[in-house]
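To keep things clear, I will list the structure first and then write my remarks on it.
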Amino acid sequence: MPKTMFQKVWEQHEVAPETVETPAVLFIDLHLIHEVTTPQAFEVLRQKGLSVRRTDLTLATMDHSTPTRTEQVFNGVPVTAAARQVQQLERNCTAAGIELLNMSSDLRGIVHIIGPELGLTRPGRTIVCGDSHTSTHGAFGALAFGIGTTEVGHVFATQCILQRRPKTFAIQVNQKLQPGVTAKDLVLAIIGQIGVEGGTGHVLEFRGEAIRALDMEQRMTVCNMSIEAGARAGMIAPDETTFSYLADKPRSPSGAAWERAVERWRALPTDAGAIFDREHTMDAAILEPMITYGTHPGMVIPITGTVPDRKGDPVFDKALAYMGFQSGEALLGRPVNVVFIGSCTNGRLGDLRGAAQLLRGRKIAGTVRMLVVPGSQQVKAAAEAEGLDRIFIEAGAEWRESGCSMCIGMNGDTVARGEYSVSTSNRNFEGRQGAGARTLLASPLTAAASAIRGRITDPRELLGGKP
Amino acid sequence: MDKITTIRSRTVVLPASNIDTDQIIPARFLTTTTRFGLGKQLFADWRYAPDGSPRAEFILNQPQATGCQVLVAGRNFGCGSSREHAPWALLDYGFRAVISTEIADIFRNNSLKNGLLPIVVDDTTSRWLIENPASQISIDLASATLRLPNGLSVNFPIDPFARYCLLNGVDELGFLLQQQDHIAAYEQRHKDN
Ligand code: SF4
C-alpha cells in the first residue's frame, strides 16, 4: 500500500498504536520549550515527583516576553511579570538539566527559528512545542505540532504524547510564483481559499512545482501558517534543497551518520498513488501579493483588490468596523502607522534581505514607525555581517535584538489603539499587536514598500516590475 | 481533576465565529506562572473598556450570565494559539462546557485535559442555541447527550479515552506513565535517530 509522508512518520513513532479506547502513544524526537507555556508544566512535575525523561531531546529558549532593545536584553528583563517567567525558566532548566539558550546566548531566538538553524529540525522527526506555530518545522518533512501546557508535562515525563491520528490534506500548488510574490503571499492565498478552519483535524502536505521551487526559509513560511488554516501540522517532502540546508548546520549529523540519515530521509516522501483524505489544487502563477483586511488570516485579498461585501453577516461587519474599513474600498494607498518585519513567519535572513533590497538607498515615510526584529541572534549576526542593519537604520527603521516582539506584543513592543500596522507576522486577531491595534498581514516586500510610501503599497511598483 | 458526569445550566451565547484564543485571553496576561485566577481576564478586551470599567453591553457583564456554566459560541471556537490559559480562564470563570459547530484542535485537546467539555453540534442545534440564549440545558457525559428545553436531545462526539478520563477524574499522564516499558523498548530500537 502506498503511504503518505505523514503516515510514514506517524508509524515510525508509534510506541503503541491507537485503539478504539485509547489514542496512540507517539514518541517525540525533539521538544522545544520557552518561558510562557512551561512554568505550570514544571510545577506539575514537581508536585508529582517526576523528572524530565530525555533532557537530551529537550531544548529551551526565551523569546515571547523578552525585550528586544539591546540595553534591556543585556541588563535584565524590564517587565516584572515577564522577568519572573524568564528567571523561572532559568531555574527550571538548571534543576532539570535542560540546555537553555538564555538572554546572553548567541544562539537564542524564536523557538521556530532556532530549531532549523541549529540542525535539530530534521526530516522524519516528531517535534512538539507549547506553541501553535510549531508547524513551521514541517518544512523539513518533520511531523511538528503545537501542544498545550499539560501535554508539555506529558512529554517532560515520558517523551511521549497521546494522539488520535489526524487526517491528511494535500495542497497541490502548480506552476511558479511571479516576481514580487512571495511564500507569504502563497500561504495567505491558501488560507483564503481553504478557510481558517479548512484544515481542522488534518495534517497538510504542500506539494507541487511552486513548493519545490521554494528555498527552506520560504518553505518554513508556508508551513508556519498551516495552523492559521486550522491544521494540526503542515509538511513538505524533503529533497536536495532540504539536505543542502542541513548539511552545514552545527548539530546536524556528520560523517557516516549523515549518510545514513540522508538515506532514511530519501524514503520519506509520499509514495506515488498514496491517497489523501482531501485535496486542493491551485495555481501559483496567477497569485498577486496578498494582504489581510480583517481580523483573521482568512480575510485576505490580492493587494490590488477591494474589501469584499458579505451582506447580513454581523461578524464580518464587526471585523470591518474594528479595522475601520468598508466593503468595496481599495486598500492600496491607505495610510500606515507602523511596519513590523520579523516573527517566526518572516524573521529569517531571506526575509530581511527581501525588505532591505527595497529599502537600500531609500527612506521610510516620516509618519511611519518601523521595527525590524530578526528571528534569532544568528539571523541578526548574519544580517549585520552583510550590512543589512545599516540599510534598515539609514532608512529610518529600528533594528532590534531577536524575539517575538510585535507579533504578540508581550514585551511592550506594541501598536497603539486604532493604529494601522502592516506586519509580516501571522495573526491579525483583534488586539494581537496591542489592545485596539489594527493589523494587516503581508509579505516583507509589501511591508517594506508600505513603509517607504507611508501607505499600503504594491511592492512590484518599487521592484520595477509591472504593478 | 474533578469527575464530570452531568452539567445542568443556563447558556451564555457569544454568536461570533472564529473566536480566537487572543480574545479568550489576551497575550499580555500570559506572563503568569500559575494556572489559577485567570477568570478575571477572560475575554478581557471585550469585557472591559480601555480604562478598566466593565462594558455594560457585553454579555458576561449582564446579570443573566451569573452562574452560567455553558458557553455557546459560533463556528471555529478557540482557533489560534496553543495557550492552555484559554481553557484555564474559562474554567476559572466558571464555565464547564463550550458548544460550537467546530472547535479548534489544540483548544479542544487542552480543554479535555482540564475538564472543560468541548461539545460539537450540528448547524440546526447550534442555530437553536444561538437563537435561544439563557436556555436551561443538560449535558450527560456518559451517554454523550445534550438535552435542550424544547425536548430535543442530540448526541455529541467525544473521544472514548477522554470521556473515560473525565468520567473517572483520571489524569491522562497516569496512562502514559504505565507505558514506561514500551517507551524504553522504543528508545532501544531507535538509538540512531
Ligand atoms: S513570533 Fe509570534 S507566532 Fe511566532 S512564536 Fe513568537 S509569538 Fe508565536
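Numbers restart at 1 for each chain; the letters A, B, ... are given by sequence-line order, proteins then strands.
Proximity to chain B involves both the backbone and the side chain of A:Arg232, based on heavy atoms less than 4.5 angstrom apart. In this structure, chain B has no heavy atom under 4.5 Å from any part of A:Glu35. Contact of A:Val44 with chain B is made through the side chain alone, with heavy-atom distances under 4.5 Å. Only the backbone of A:Ile147 comes within contact range of chain B, with heavy atoms under 4.5 Å apart. At a 4.5 Å heavy-atom cutoff, the contact between A:His296 and chain B is made by side-chain atoms alone.
The OG1 atom of A:Thr158 lies 6.5 Å from the CG atom of B:Leu177; values are rounded to the nearest 0.5 Å. Taking OG1 of B:Thr32 as the start and CD of A:Gln40 as the end, the distance is 6.0 Å to the nearest 0.5 Å. Annotation: the span from B:Asp105 atom CG to A:Arg164 atom CZ amounts to 14.0 Å, rounded to 0.5 Å. Here A:Gln159 contributes atom CD and B:Tyr186 contributes atom OH; the two are 10.5 Å apart, rounded to the nearest 0.5 Å. Going from atom OG1 of B:Thr33 over to atom CD of A:Gln85 covers 7.0 Å, rounded to the nearest 0.5 Å. We find the CD1-CZ distance between A:Ile408 and B:Arg28 to be 11.5 Å, quoted to the nearest 0.5 Å.
Taking both residues in full, the closest heavy atoms of B:Ile106 and A:Ser132 are given as CD1-CB, 4.0 Å, listed atom of the first, atom of the second, then distance. In terms of heavy-atom proximity, A:Ile227 sits nearest to B:Gly80 at CG1-O, 4.0 Å. Taking both residues in full, the closest heavy atoms of A:Thr200 and B:Asn76 are given as OG1-OD1, 4.4 Å, listed atom of the first, atom of the second, then distance.
Listed by sequence position, the residues of residues 117-146 of chain B in contact with chain A number zero, using a 4.5 angstrom heavy-atom cutoff. Using a 4.5 Å heavy-atom cut-off against chain B, the contacting residues of residues 17-25 of chain A are A:Val20, A:Glu21, A:Thr22, A:Pro23, A:Val25. The contact list for residues 154-173 of chain B toward chain A, using heavy atoms and a distance under 4.5 Å, reads B:Asp159, B:Pro160, B:Phe161, B:Asp171, B:Glu172, B:Leu173 by residue number.
Counting only heavy atoms from C-beta outward, the side chains of B:Ser81 and A:Arg427 approach each other to under 4.5 Å. Side chains of B:Arg35 and A:Glu43 form no contact here, defined as non-hydrogen atoms less than 4.5 Å apart. Looking at heavy atoms from C-beta onward, A:Cys160 lies out of side-chain contact with B:Gln179 at the 4.5 angstrom threshold.
A:Thr150 and B:Glu84 form a side-chain donor-acceptor contact under 3.5 Å, judged by distance and modelled atom types alone.
In this structure a side-chain-to-backbone donor-acceptor pair under 3.5 Å is missing from B:Asp22 to A:Arg432. Proximity of a side-chain donor or acceptor of B:Thr31 to a complementary backbone N or O of A:Ala82 within less than 3.5 Å is not detected.
A salt bridge links A:Arg54 to B:Glu187: one of the charged nitrogens lies within less than 4.0 Å of a carboxylate oxygen.
Within a 6.0 Å sphere centred on CZ of B:Arg55, other residues, nucleotides and ligands contribute more than 12 heavy atoms.
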List the atom pairs, with distances to 0.1 Å, where a side-chain N or O of residues 86-100 of chain B and a protein N or O form a donor-acceptor pair under 3.5 Å, not counting sequence neighbours.
unit_1: B:Trp88; atom_1: NE1; unit_2: B:Asn114; atom_2: OD1; d: 3.0
unit_1: B:Asp92; atom_1: OD2; unit_2: B:Leu38; atom_2: N; d: 3.2
unit_1: B:Asp92; atom_1: OD2; unit_2: B:Gly39; atom_2: N; d: 2.7
unit_1: B:Ser100; atom_1: OG; unit_2: B:Gly74; atom_2: O; d: 2.7
unit_1: B:Ser100; atom_1: OG; unit_2: B:Glu102; atom_2: N; d: 3.3
unit_1: B:Ser100; atom_1: OG; unit_2: B:Glu102; atom_2: O; d: 3.0

